[in-house]
2 protein chains.
Amino acid sequence: MNIENAQVQMRKGILEFCILHIISRGEVYASDMLDELTSARIMVVEGTLYPLLTRLKNSGWLDYKWVESSSGPPRKYYVLTDEGKIFLDAMQATWFELAESVQTVIHRTEELSKTASSNLPEPN
Amino acid sequence: MNIENAQVQMRKGILEFCILHIISRGEVYASDMLDELTSARIMVVEGTLYPLLTRLKNSGWLDYKWVESSSGPPRKYYVLTDEGKIFLDAMQATWFELAESVQTVIHRTEELSKTASSNLPEPN
DNA sequence: ACATGGTACCTTGCATCACAAAGTACCTGT
DNA sequence: ACAGGTACTTTGTGATGCAAGGTACCATGT
């Protein structure tokens with residue numbers, strides 16, 4: 001295991017949440033999402049995004065329609081279903097709770113590192 | 001896929017970070033960690049924690065020593081190695097960047113939902 | 001000595017999922 | 001017809017969370 005791998009792990013699940021968010025704004029297709037995620041510094045590649053979209057579609061949270069493009073092959077434009085909106089709300093609540101839990105852990109470490117310093121050898 | 005599953009996914013990777021944080025405070029054994037994580041409302045079970053500790057140990061970020069208990073079997077007390085401290089710092093930076101990226105996505109959705117309302121059908 | 005219950009750590013097997021890589025298909029310009 | 005760009009799809013691999021079951025140690029009561 002290395003740091004890159006750990007960073008990837010940390011992003012899992014968050015990705016799903018961010019993609020739902022982007023789709024909630026209105027109809028978008030995959031390349032739109034890639035641009036948006038990249039600009040938010042959340043790196044994703046096609047091999048991750050397309051299977052993820054298919055999974056969300058099969059779960060009933062997304063729907064799509066084919067739209068002809070004036071330059072290139074047709075595109076799948078995705079929208080959130082009503083169920084998807086409910087799911088997104090639940091994910092957002094989970095995100096805030098998780099962020100708060102992590103903050104709790106970080107904060108407690110900082111608190112304890114003050115009081116616990118008396119147990120450590122003195123610095124040079 | 002269901003909401004519970006999605007919540008589990010979202011927690012992946014974060015767990016590793018939180019466990020390193022807890023160990024960074026001083027020597028602890030697995031049950032200590034479970035208590036601490038539970039009190040921060042981050043649910044973990046033994047089947048997750050033990051393999052994770054083994055992985056972190058094998059990666060060189062943790063070390064442990066056996067300590068006799070006055071009541072029960074001996075315990076493995078874990079500490080961070082120097083490499084582990086560096087890794088923890090990197091994980092913490094990643095966490096803050098990730099939280100900021102997610103905040104960017106949420107914020108942009110809120111902004112666009114204001115201006116984009118003119119494109120939607122009027123409510124009844 | 002033996003059984004029981006509690007604590008602590010470990011292992012196996014399964015399902016999920018990110019990702020790389022390779023493939024398919026459509027459109028435009030020359 | 002061919003080349004190049006865009007868009008979507010599929011296959012295979014490796015990592016890993018977790019449920020379930022297992023092993024081992026200790027203290028207590030009889």
Side-chain angles (χ1 to χ4, degrees), chain A residues 1-20 23 27-38 42-59 61-62 64-78 91 94 98, chain B residues 1-20 23 27-38 42-59 62 64-78 94 98:
Chain A
M1 194 194 301
N2 53 30
I3 290 181
E4 287 76 32
N5 192 324
Q7 290 169 334
V8 166
Q9 286 301 315
M10 206 183 250
R11 254 187 11 224
K12 285 187 180 181
I14 310 286
L15 249 188
E16 200 168 77
F17 172 50
C18 290
I19 286 167
L20 286 171
I23 296 175
E27 297 172 354
V28 283
Y29 75 110
S31 294
D32 288 339
M33 301 180 212
L34 288 172
D35 290 345
E36 169 70 21
L37 291 168
T38 300
I42 301 171
M43 297 304 153
V44 196
V45 293
E46 289 188 332
T48 300
L49 183 58
Y50 283 107
L52 179 55
L53 289 172
T54 302
R55 232 175 333 116
L56 295 173
K57 167 68 168 64
N58 290 340
S59 298
W61 297 326
L62 297 183
Y64 65 82
K65 58 182 179 188
W66 286 101
V67 175
E68 300 285 321
S69 167
S70 60
S71 64
R75 302 163 174 175
K76 271 187 178 176
Y77 276 82
Y78 286 90
M91 289 286 275
T94 299
L98 184 61
Chain B
M1 194 194 299
N2 53 30
I3 290 180
E4 287 76 33
N5 191 324
Q7 290 169 334
V8 167
Q9 286 302 313
M10 205 183 251
R11 255 185 12 224
K12 286 186 180 182
I14 310 287
L15 249 188
E16 201 169 77
F17 171 50
C18 290
I19 286 166
L20 287 172
I23 297 174
E27 297 172 353
V28 282
Y29 73 110
S31 294
D32 288 339
M33 302 180 211
L34 287 172
D35 291 345
E36 170 70 22
L37 290 168
T38 300
I42 301 170
M43 297 304 153
V44 196
V45 294
E46 290 189 332
T48 300
L49 183 57
Y50 283 107
L52 178 55
L53 289 172
T54 301
R55 244 193 356 263
L56 295 172
K57 168 68 169 62
N58 290 340
S59 297
L62 297 183
Y64 65 80
K65 58 182 180 187
W66 286 102
V67 175
E68 301 285 320
S69 166
S70 59
S71 64
R75 302 164 175 175
K76 270 187 178 176
Y77 276 82
Y78 286 90
T94 299
L98 184 60

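Note that the structure is a prediction, hence the values are computed from the model and not measured. These values consider heavy atoms only, across backbone and side chains, with no hydrogens, waters or symmetry-generated copies. Numbers restart at 1 for each chain; the letters A, B, ... are given by sequence-line order, proteins then strands.
One atom, CZ of B/R75, and another, P of D/dC26, lie 13 Å apart when rounded to the nearest Å. Between B/E68 atom CD and D/dA24 atom P the separation is 17 Å, expressed in whole Å. The interatomic distance linking A/I14 (CD1) with C/dC17 (P) rounds to 14 Å, in whole Å. In this structure, A/K57 places its NZ atom 11 Å from P of D/dT9, rounding to the nearest Å. One can place CG of B/L34 at 13 Å from P of C/dC10, the figure rounded to the nearest angstrom. Rounded to an integer number of Å, the gap from CG of A/L52 to P of D/dC8 is 14 Å. With rounding to whole Å, B/N58 atom CG is found 13 Å from C/dC10 atom C1'. Rounded to an integer number of Å, the gap from A/I19 CD1 to C/dC17 P is 13 Å.
Contact check, A/R55 against C/dC17: a side-chain N or O comes under 4.0 Å of OP1 or OP2. Between B/Y50 and C/dT11 there is no side-chain N or O to OP1 or OP2 distance below 4.0 Å.
B/L56 places none of its side-chain heavy atoms less than 4.5 Å from the side chain of B/I23. Side-chain contact between B/L15 and B/L37 is present, with at least one heavy-atom pair separated by less than 4.5 Å.
If you check distances only, the side chain of B/E46 never reaches the base of D/dC18 with a donor-acceptor pair under 3.5 Å.
Screening A/Y64, A/Y78, A/Y77 for a ring-ring contact (aromatic ring centres under 6.0 Å, His included) with A/Y29, the sole residue that qualifies is A/Y77.
Using a 4.0 Å heavy-atom distance criterion, A/S70 is classed as a sugar-phosphate-only contact. As judged by a 4.0 angstrom heavy-atom cut-off over every strand, B/S31 is placed among residues touching the sugar-phosphate backbone only.
For B/G72 and B/G47, each mapped to the nucleotide of DNA chain C holding its nearest heavy atom, the one lying further toward the 5' end belongs to B/G72.
Checking C/dC19, D/dA19, C/dC9 against the side-chain heavy atoms of A/V45 singles out C/dC19 as nearest. Out of C/dA25, C/dT7, C/dC9, the shortest distance to the side chain of A/P73 is found at C/dA25. For B/T48, whose side chain is taken as the heavy atoms from C-beta onward, the closest listed nucleotide among D/dT9, D/dG17, C/dA18 is D/dG17.
A donor-acceptor pair is defined here as one N or O able to donate and one able to accept, closer than 3.5 Å; such a pair exists between the side chain of B/T38 and the backbone of B/L34.
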For this session: Check the pair B/K65 / B/E27 against side-chain contact (heavy atoms from CB on, under 4.5 Å), numbers first and verdict last.
Result: CA-CA 9 Å; B/K65 58 182 180 187; B/E27 297 172 353; 3.1 Å; yes
